Amino acid sequence: MTDTVKYLLDEADIPKQWYNIAADLPEPPTPPLHPGTGQALSPSELEPLFSRGVIEQEISTERYIDIPEPVRDIYRQWRPSPLFRARRLEQALDTPARIYYKYEGGSPAGSHKPNTAIAQAFYAREDGVKRLATETGAGQWGSSLALAGSMFGLEIDVYMVRVSFDQKPYRRAFMESFGANCFPSPSDRTNAGRTVLAETPDSRGSLGIAISEAVECAMERDDTKYALGSVLNHVLLHQTVVGLEALRQFELADDYPDTIIACTGGGSNFGGIVFPFLGHQLRGGEAVDIVAVEPANCPTLTRGKYAYDFGDTAHLTPLVKMHTLGSNFVPPGFHAGGLRYHGMAPLVSQCTDLGYVTASAYDQKACFEAGLEFARAEGILPAPEANHAVVAAMEAARACKVSGESRAILFNLCGHGHFDMPAYMDYSAGRLHDQQYNEEDMAMALAGLPSVAG
Ligand SMILES: *Cc1c(COP(=O)(O)O)cnc(C)c1O
């Protein structure tokens with residue numbers, strides 16, 4: 001057998017429908033609640049924030065939802081994405097495990113995020129929206145929405161977490177190349193931003209703060225809606241193209257994963273690869289071990305509470321039931337910026353609560369070490385976020401060496417690290433440290449959770 005093994009599908013095999021896990025869960029998804037009254041939100045109450053197409057998907061319990069042809073047509077530029085068998089890595093680890101990875105770094109923005117950005121921009125244009133406001137952590141979501149906005153003729157305003165704005169000037173340049181506006185957050189453009197700056201002038205920012213700014217911006221203008229790159233049901237739905245393709249590719253490989261691993265920031269690349277397989281299991285098909293991997297210093301699933309909480313710092317968003325560290329928790333400024341969120345997708349939280357998912361956490365140095373070992377074997381330098389999946393997959397493969405078991409391990413290589421070279425330079429120069437989050441801050445943020453039933 002040759003060492004480069006990849007499973008490719010034809011363009012015609014790009015899924016025609018997204019998969020909705022809500023149809024197969026043993027209990028209904030938890031509803032979002034009004035931030036003021038604590039009552040379940042009606043779809044019309046979400047309309048100031050989101051376009052109608054995505055609201056419909058947010059509450060849908062249909063198993064399959066058609067992908068609009070204009071969206072599929074743009075997907076064609078980089079989809080179907082390849083599934084690789086990591087033969088060289090297997091040899092380097094001397095493991096009997098069969099390691100596979102689905103590579104989402106081939107999209108024009110370098111990650112899985114355009115899978116939903118394109119869809120969200122499509123539904124916004126359908127709804128007559130002129131402008132989308134959003135937040136971005138590491139810049140991948142802002143880049144993806146900037147790209148999608150340019151394809152559908154929408155204006156894009158991006159609030160970028162300050163620490164990433166400073167660490168990743170190329171991300172800002174990328175967004176501006178597509179005509180988007182990019183502001184460091186906290187900014188003085190919104191009440192939410194000004195409030196934080198008054199208390200903490202040198203704030204590093206957080207996704208929670210940036211979301212508040214973008215939501216405020218969307219609520220102020222009728223022609224502007226808000227777009228979120230992760231967490232919500234419709235975002236995870238759009239990402240299921242990843243897992244649906246992988247299911248077909250495993251047929252080509254005449255194999256089936258025993259373990260599926262993905263990193264979790266807000267849960268979208270995880271839900272995207274996992275849910276089609278989990279749905280198959282819930283409908284009586286093969287069972288899989290599912291592993292969510294998060295950073296040790298933003299340990300939402302491993303240390304957080306499963307409770308209703310706000311999605312943002314200024315408490316403008318609906319309340320959703322999720323694993324959370326508290327909406328005022330600001331994690332240390334580590335390099336996997338896409339994983340610095342205090343909450344988790346409600347659907348991922350629910351699946352974890354139901355016992356379908358095992359959560360684990362790793363320090364960033366171990367992640368970079370694994371990422372480099374992977375790169376030297378497979379020739380792709382992963383994004384720092386993706387390194388969390390890489391380190392867990394390698395550990396699972398090493399465990400197979402010890403036990404002698406030959407398991408099939410699939411992980412989502414959700415993005416490349418070409419915009420993250422300063423982080424790799426820091427790692428190689430020994431400048432990267434495993435900072436601990438502040439236990440007291442976390443306890444305080446958790447104590448401040450809103451009190452609502454459920
Ligand atoms: C945004 C991002 C993440 C984190 O978001 P999820 O919704 O958890 O997928 C992880 N990896 C990459 C490459 C990202 O761009």
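Both ligands and their constituent atoms are indexed starting at 1 by order of listing. All values reported here derive from a predicted model rather than from experimental measurement.
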Ring of Y100, cation from R85 - is the NZ or CZ under 6.0 Å from the centre and inside 45° of the axis? yes
For the residue pair F174 and F419, does the interplanar ring angle fall in the parallel (under 30°), tilted (30 to 60°) or perpendicular (over 60°) class?
perpendicular
Nitrogen or oxygen contacts under 3.5 Å, ligand 1 side and protein side:
residue  : atom   : partner : partner atom : Å
ligand 1 : 7 (O)  : S230    : OG           : 2.4
ligand 1 : 7 (O)  : G267    : N            : 3.4
ligand 1 : 7 (O)  : S268    : N            : 2.8
ligand 1 : 7 (O)  : S268    : OG           : 2.7
ligand 1 : 8 (O)  : G265    : N            : 2.7
ligand 1 : 8 (O)  : G266    : N            : 3.0
ligand 1 : 8 (O)  : G267    : N            : 2.9
ligand 1 : 9 (O)  : H112    : NE2          : 3.1
ligand 1 : 9 (O)  : S268    : OG           : 3.3
ligand 1 : 9 (O)  : N269    : N            : 2.9
ligand 1 : 9 (O)  : N269    : ND2          : 2.8
ligand 1 : 15 (O) : K113    : NZ           : 2.6
ligand 1 : 15 (O) : Q140    : OE1          : 3.0
ligand 1 : 15 (O) : Q140    : NE2          : 3.4

All heavy atoms of P35 vs all of P318, minimum pair found to be CD-CA, 4.0 Å
Treating T224 as the side-chain partner and A218 as the backbone partner, does any N or O pair qualify as donor plus acceptor under 3.5 Å?
no
Looking at Y256, is its backbone amide N or carbonyl O close enough to the side chain of E286 to form a donor-acceptor pair, meaning the two atoms are under 3.5 Å apart?
no
Under 6.0 Å from the ring centre and within 45 degrees of the ring axis: does the NZ or CZ of R63 meet both conditions for the six-membered ring of Y19?
no
